[in-house]
Q: 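Quick one: this structure, given as structure tokens, is what I'll be asking you about.
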Amino acid sequence: MLEFAQAEHTDRETLFVEVILPLAIAKNYTYRVPYELNDSVAIGKRAVVQFGKSKLYTAIIAGIGKQAPEKYEAKYLVEILDDKPVVTHEQLHFWYWLADYYMCNVGEVMSAALPSALKLASETKIMLNKDFPVDRSTLHDKEFLIVEALDIQPELTVSDIVKLLGQKQVMPILKLLFEKNVINISEEVSERYKPRKRTFITLNPFYNDPDNRRELFGILEKKAPKQADAVLAYIKLSRQQKTISKNELIEESGAGAASIKTLIEKEVFIPEEKNVSRLYFEEEEAINNFELSEQQQEALKSVSDQFAEKDVVLLHGVTSSGKTQIYIRLIEEMIQTGRQVLYLLPEIALTTHIIERLRVYFGANIGVYHSRFNDNERVEVWQKVLNNEYKVVLGARSSVFLPFNDLGLIIVDEEHETSYKQFDPAPRYNARDAAIFLANMHGGKVLLGSATPSFESYYNARTHKYGFTELSERFGGVEMPLVEIVSIAEETKKKTIQSHFTSVLIADIQQALANKEQVILFQNRRGYAPVLMCKMCAYTPKCINCDVSLTFHKSSGKLHCHYCGYKEDSPTICPACGSTHLEYKGFGTEKVEDELSLILPDARIARMDLDTTRSRNSLQTILNNLEEKKIDILVGTQMVAKGLDFADVTVIGIINADSLLKFPDYRANERSFQMLAQVSGRAGRRGKQGKVVIQTYDPGHRVIKQVIENDYKDLYFTEMTERKSFKYPPFYRLINLDIKHKDPEVLYHQAIYLAKELRKHFGDERVIGPQAPLVSRIRNFYIQSILLKFEKDAISINKAKTVIRDTITQFQTTKLSKGSIVQPDVDPY
DNA sequence: AGCACGCCGACT
DNA sequence: GTCGGCGTGCTC
């Protein structure tokens, strides 16, 4: 990779640098260093270079050499932006590894890794930073000129500024302006992270004194009994919990918001706005009660012990078992040794106040890195990590790209979360896997934590590649929910089932509603009915692009394709035979919602799926309504399974578990299991016993049994190693490809050709497809993936990559295709 | 990623 | 006869 060694040099020599450009190009380019910059060049610094006819880019110096290139005349680099490298040698190593592993260009990795403010290019947009009004008299002439121009035209590109100043060297000026907070650089219009605020109430310490308090009551009881109630309620609540929100107080006391407001004005109550989260309640409790239980202590010790031998340990802890507390102890230990810690969380979890809590705990040592932070903030974190000012970084997947010097520990929380994998632009990396490589590079350790570990991590743990530790009890005496399996077949026979709801489920829902508790119903299909079928000729409308049956949506009255979004009007007569006997088969969330409202007309029912949450704030609104108890029953798809914790949800109903159980491949089965376990884990909190009702035609199904017994640890493993009846046995790897073409015919031929090539190299049994699985994966004019069978050491994924790479290159030269080929992506599962 | 070059269809 | 579509190839 780094072909040039760092050169010893004097002023007189001509130096050449090899730079990484933030573009999807296959190789690095060499530039000539002007004499006066000889002393400034260093690996990891940013250089501004002209690439192509007129474009300027910020590149990273990846190597320095003295040899002039033979085949071409190297251009001079324009300028060096940094005094000190902004990218470390380790990072460069990491970039190259990532590019190789995920089959993309280093430039693409660079693009993903650097905050955009560090990547000034000619088309980069410059704006005034409105948050920081700056005293303009302190600006130099040229800076002033830029600021004035921005007054007239709020958005300028770097090229505009080049024209404005009549000079090529503008980057250093812009860099300075950025550092002075005068300008913003290319801030994406993405939604800014808005923490959710809630008002908390504390009693003025003045009234902690018994005499003062008595006096207060004396006055209030006569003049304002409602206010007296509020104060009493506060005192009552303060015995049970540490923090009291305004809403809780209103509810407990029966006094109105006005009374509380008056008390605040009288300075009896002191309000405080705090960021709160609706997600991950367990974290709050975890950090408030900081005594490790016996089981936690054992788990902590077990993790530490295993780190002596293993680089990675999987911590499997059921929902609410208090994994966070173990993380905190480990972080503390690591900081004491002076090494850095990276705490990875899935995107959504980061909006929580776990950040706040950890700040309290670790002070200014902790940094947060988040895609919804703006660029100024991101660059700030970058610099502080580089300067070793942050010992702990809490971040989403992109924080694996931060310039760590000495990473001792990476915690990957909710290790199974798919949001760790980046899908859309290359590099299509999984931060969990990248983290393992990263830690390894630094000689650090990785702790993977999850209540429902991913298949592959479980496998690695069971084969002793990873260490393994378990937390099987909920923390703080919270009971596991009761799980009841109800046979749909039996209730149908006894005629006790109404629509899709068994008598057991209805009874539980009614009980919950009577107790003013809430219910979540899970149905893993959106829309009204997934299939429309002609009763006469069995015709079903299919998507013109994707060849899957179209789902009927009652809300739009149309048939939708859930793969590509194609829509058409729902026919009233069969297009094939003209019959009017069309039948909706199966059911989705829309139908569940519809029919439940007939059975329970008084219940307030809401639906949460992709259709109801598409618009900007709708998800927020639904969650708020649920929390404020404006919703009694929430019907939803997988969305309801993810991290939603509400104290008053006591009943979870799984309308039809079978839709989760009959998937043909292990990976889908893994997901079903996780889904069931995650949904079930939501029932009951804070002293309330939860209940899970699973409706199924197949009560004896293994997966269901495992859920009841909470014994899924063996499930994965047995599925992987023993069961032969699965269509795709273990050790198959899904290799994600990204071959694009507008003509599905061409794609089809490419798919077949690719499979043929792979067969030639790996033998018939190892390659699945192309006909069934591979071709069915052609969607939206992409070949998305191919399945390969990997038996332990039999073939390396690298060989497969090489073959795929070669074959795909051939596509461009053979008559097979005129299509453009996008970088393939190997999914390391 | 941009951008130029070049080869084919539909227009003032 | 040209304008403009995008397929292809190159950028140090």
Side-chain angles (χ1 to χ4, degrees), chain A residues 1-4 7 14-35 37-38 41 43 45-81 95 99 102-125 157-160 162 168 185-186 188 422 424-428 738-747 749-750 781 808-825:
Chain A
M1 65 171 211
L2 305 174
E3 287 169 26
F4 300 90
T14 306
L15 296 180
F16 294 88
V17 289
E18 187 198 304
V19 299
I20 302 171
L21 287 156
L23 301 171
I25 18 177
K27 55 191 187 119
N28 288 341
Y29 286 76
T30 305
Y31 286 83
R32 188 182 175 116
V33 182
Y35 285 136
L37 292 178
N38 271 9
V41 292
I43 288 173
K45 282 190 186 178
R46 285 174 300 155
V48 176
V49 296
Q50 195 185 75
F51 184 70
K53 203 129 198 278
S54 59
K55 288 273 173 303
L56 292 177
Y57 291 94
T58 304
I60 293 286
I61 300 175
I64 301 168
K66 295 178 193 172
Q67 202 68 48
E70 286 166 18
K71 296 192 175 141
Y72 53 86
E73 189 77 19
K75 273 185 192 162
Y76 278 103
L77 64 84
V78 179
E79 56 199 66
I80 299 282
L81 286 181
W95 290 6
Y102 292 104
M103 297 176 86
C104 69
N105 301 302
V106 220
E108 291 172 298
V109 180
M110 174 185 166
S111 284
L114 285 185
S116 51
L118 294 178
K119 293 182 298 195
L120 280 167
S122 4
E123 297 313 310
T124 309
K125 301 246 187 336
T157 65
V158 174
S159 337
D160 293 337
V162 170
K168 224 172 174 184
I185 292 169
S186 176
E188 296 110 73
Q422 168 153 318
D424 201 10
R428 297 174 173 80
D738 214 0
I739 305 174
K740 231 194 269 187
H741 197 279
K742 59 177 181 179
D743 184 356
E745 277 297 291
V746 176
L747 270 185
H749 288 296
Q750 288 187 347
F781 313 117
I808 286 172
T809 337
Q810 274 181 45
F811 286 165
Q812 291 167 315
T813 50
T814 55
K815 288 284 158 250
L816 242 162
S817 151
K818 303 182 292 181
S820 56
I821 309 297
V822 174
Q823 292 292 328
D825 161 37

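In what follows, every heavy atom counts, from backbone to side chain, and hydrogens, waters and symmetry copies are set aside. Quick note on labels: first sequence line is chain A, next is B, and so on, each numbered from 1.
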Q: Rounding to an integer number of Å, can you tell me how far A:F51 CZ sits from B:dA1 C1'?
A: 9 Å
Q: Could you state the CD-C1' distance from A:Q50 to C:dC12, rounded to the nearest angstrom?
A: 11 Å
Q: Identify which nucleotide among B:dC3, B:dA1, C:dC12 has an atom closest to any side-chain atom of A:A24, counting heavy atoms from C-beta outward.
A: B:dA1
Q: Any side-chain N or O of A:Y57 less than 4.0 Å from the OP1 or OP2 oxygen of B:dG2?
A: yes
Q: With the side chain of A:I25 defined as its heavy atoms from C-beta on, choose the nearest nucleotide among B:dA1, B:dA4, C:dC12.
A: B:dA1
Q: Would the distance check show the side chain of A:T157 and the main-chain N or O of A:D160 forming a donor-acceptor pair, the cut-off being under 3.5 Å?
A: yes
Q: Could you give the OH-to-C1' distance, from A:Y29 to C:dC12, as a whole number of Å?
A: 7 Å
Q: Rounded to the nearest Å, what distance is computed from the CG atom of residue A:N28 to the P atom of nucleotide B:dA1?
A: 17 Å
Q: Can you confirm whether A:I61 sits close enough to A:I80 that some side-chain heavy atom of one is under 4.5 Å from a side-chain heavy atom of the other?
A: yes
Q: How many Å lie between NZ on A:K27 and C1' on C:dT11, as a whole number?
A: 9 Å
Q: Give the rounded distance in Å between these two atoms: NZ of A:K119 and P of B:dA1.
A: 13 Å
Q: Could you give the CG-to-P distance, from A:L23 to C:dC12, as a whole number of Å?
A: 12 Å
Q: Are any of A:Y31's side-chain N or O atoms less than 4.0 Å away from OP1 or OP2 of C:dC12?
A: yes
Q: May I ask you to verify if any side-chain N or O of A:K53 is less than 4.0 angstrom from the OP1 or OP2 atom of B:dC3?
A: no
Q: Quick one: salt bridge (Lys or Arg N to Asp or Glu O under 4.0 Å) partners of A:K55, sequence neighbours excluded?
A: A:E123
Q: Grab the OH-P distance between A:Y72 and C:dG9 for me, whole Å please.
A: 21 Å
Q: Would you mind reporting whether A:V19 and A:L77 have side-chain heavy atoms less than 4.5 Å apart?
A: no
